[in-house]
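Input: a single structure, listed below in structure tokens.
Since the model is a prediction, treat every value here as computed from it, not as a measurement.
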Amino acid sequence: MAITTPFQLQRDPFGKLIMTAEDGTVHEGVSPVRAFPIQAPEQGISLVLHDGREVAWIEHTNDLSVTVRALVQDELEGREFMPEISRIDRVSSFATPCTWYVETDRGETQFVLKGEEDIRRIGQASLLVADNHGIHFLVRDMFGLDKHSRKILDRFL
């Protein structure tokens, strides 16, 4: 079954997204914005103009044609940078500030945690950890981490 998207999406020569609505209205420079980037990243995506005005709503990325879905996901990945922590190898100290040595979905890295208040709970099992540069690291399921990582994390929670 072919999926038909109620709008067309393409890139201009400068790489900006151009949306053409069903009625033929053309919107240049649209950007996708997730309504729930952590809990439901594939649902509730708004296409907005530079002034924040919404021009289209996407219930779920599965509702889009393959071409449009690829453009939306590519644009989102280019704008969002939130590495997901899969393991905490060690920390320099259990007092803050301290350096965390972690494995993420983007490779091994280290960052400085300024204070315990930079670890925020999101829902039952997810955490958002901000480093000293303002980069956010996601722990999608703290209960799914290995025992060593959970033991380190428990010291900060």
Side-chain angles (χ1 to χ4, degrees), residues 1-3 5-7 9 11 15-17 19 29-50 52-157:
M1 180 175 110
I3 297 174
T5 305
F7 55 85
L9 204 58
R11 290 199 184 276
K16 294 189 178 202
L17 289 179
M19 186 196 98
V30 298
S31 298
V33 177
R34 296 184 205 264
F36 307 103
I38 296 170
Q39 279 86 0
E42 302 303 316
Q43 298 175 338
I45 298 172
S46 180
L47 293 180
V48 299
L49 297 173
H50 59 85
R53 193 166 30 107
E54 182 179 288
V55 292
W57 177 257
I58 302 164
E59 280 295 327
H60 198 285
T61 56
N62 289 342
D63 300 338
L64 302 173
S65 67
V66 174
T67 308
V68 172
R69 184 181 323 139
L71 283 168
V72 168
Q73 289 176 334
D74 185 50
E75 189 72 13
L76 286 167
E77 288 172 7
R79 293 181 57 227
E80 299 172 346
F81 181 72
M82 189 181 311
E84 187 171 331
I85 295 174
S86 56
R87 176 175 167 73
I88 304 169
D89 291 324
R90 68 185 196 280
V91 294
S92 63
S93 167
F94 288 109
T96 56
C98 61
T99 303
W100 285 36
Y101 300 86
V102 299
E103 292 178 28
T104 74
D105 59 341
R106 298 173 187 253
E108 293 181 8
T109 192
Q110 63 189 47
F111 62 87
V112 175
L113 179 73
K114 290 188 299 186
E116 293 173 5
E117 65 276 2
D118 291 325
I119 302 174
R120 292 193 335 235
R121 286 186 185 267
I122 301 173
Q124 293 282 63
S126 299
L127 300 171
L128 208 52
V129 182
D131 75 357
N132 62 326
H133 297 292
I135 296 174
H136 288 88
F137 292 81
L138 175 65
V139 177
R140 190 166 302 279
D141 180 7
M142 66 181 172
F143 304 114
L145 293 175
D146 63 280
K147 187 177 181 178
H148 174 74
S149 298
R150 284 194 318 265
K151 189 174 182 177
I152 291 173
L153 196 55
D154 285 344
R155 300 283 299 264
F156 290 92
L157 296 177

(message) Can a side-chain donor-acceptor contact be found between E54 and S46 if the only test is distance below 3.5 angstrom?
(response)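 Yes, because at least one side-chain N or O of S46 sits under 3.5 Å from a partner of the opposite role on E54.
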Heavy-atom check, side chain of [X] versus side chain of [Y], under 4.5 Å:
{"X": "T96", "Y": "D118", "answer": "no"}
{"X": "L17", "Y": "P32", "answer": "yes"}
{"X": "F7", "Y": "I58", "answer": "yes"}
{"X": "F111", "Y": "I135", "answer": "no"}

(request) Return the minimal non-hydrogen interatomic distance between P83 and D105, and the atom names on each side. (result)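 That closest heavy-atom pairing would be CA-OD1, 3.5 Å.
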(request) Quick one: closest heavy-atom pair of Y101 and S92, and the distance? (result)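 Scanning both residues completely, I find the closest heavy atoms to be CE1-N, 4.4 Å.
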Which value, rounded to the nearest 0.5 Å, describes the distance between [X] atom [atom1] and [Y] atom [atom2]?
{"X": "L153", "Y": "F143", "atom1": "CG", "atom2": "CZ", "value": "9.5 Å"}
{"X": "S31", "Y": "K16", "atom1": "OG", "atom2": "NZ", "value": "8.5 Å"}
{"X": "I38", "Y": "L128", "atom1": "CD1", "atom2": "CG", "value": "5.0 Å"}
{"X": "L71", "Y": "L76", "atom1": "CG", "atom2": "CG", "value": "11.0 Å"}

(message) With salt bridge (charged side-chain N to carboxylate O under 4.0 Å, His left out) as the rule and sequence neighbours excluded, what pairs involving residues 120-141 come up?
(response)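 For residues 120-141: E84-R140.
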(message) Strictly by salt bridge (charged side-chain N to carboxylate O under 4.0 Å, His left out), give each pair with a member in residues 144-157 just once, sequence neighbours left out.
(response)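 Of all non-adjacent pairs touching residues 144-157, those that pass salt bridge (charged side-chain N to carboxylate O under 4.0 Å, His left out) are R87-D146.
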(request) Check each of I85, D89, V91 against V102 using the side chain to side chain contact (heavy atoms under 4.5 Å, CB included) test, and report the only one that passes. (result)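 Of the listed options, the one satisfying the test is I85.
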(message) Using side chain to side chain contact (heavy atoms under 4.5 Å, CB included), reason through V30 and L49 one step at a time and then give a plain yes or no.
(response) CA-CA 5 Å; V30 298; L49 297 173; 3.7 Å; yes
(request) On the 0 to 90° scale, with breaks at 30° and 60°, tag the F156-F94 ring pair as parallel, tilted or perpendicular. (result)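 Because their plane-to-plane angle lies in the 30° to 60° range, the rings of F156 and F94 count as tilted.
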(request) Name all residues meeting the side chain to side chain contact (heavy atoms under 4.5 Å, CB included) criterion together with E42; count only those two or more places apart in sequence or in a different chain, and write none if there are none. (result)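 For E42, the residues satisfying side chain to side chain contact (heavy atoms under 4.5 Å, CB included) (neighbours in sequence not counted) are R34, H60, T61, Q73.
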(request) Determine, step by step, whether L9 and E75 satisfy the side chain to side chain contact (heavy atoms under 4.5 Å, CB included) criterion, reporting the C-alpha distance in whole Å, the side-chain angles of both residues, the deciding distance to 0.1 Å, and the verdict. (result) CA-CA 11 Å; L9 204 58; E75 189 72 13; over 6 Å; no
(request) Answer yes or no: does atom CD of E117 have more than 12 heavy-atom neighbours from other residues, nucleotides or ligands under 6.0 Å? (result)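 Yes.
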(message) Tell me whether S93 contacts the main-chain N or O of C98 through its side chain, where contact means a donor paired with an acceptor under 3.5 Å.
(response)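 Not a single qualifying donor-acceptor pair exists.
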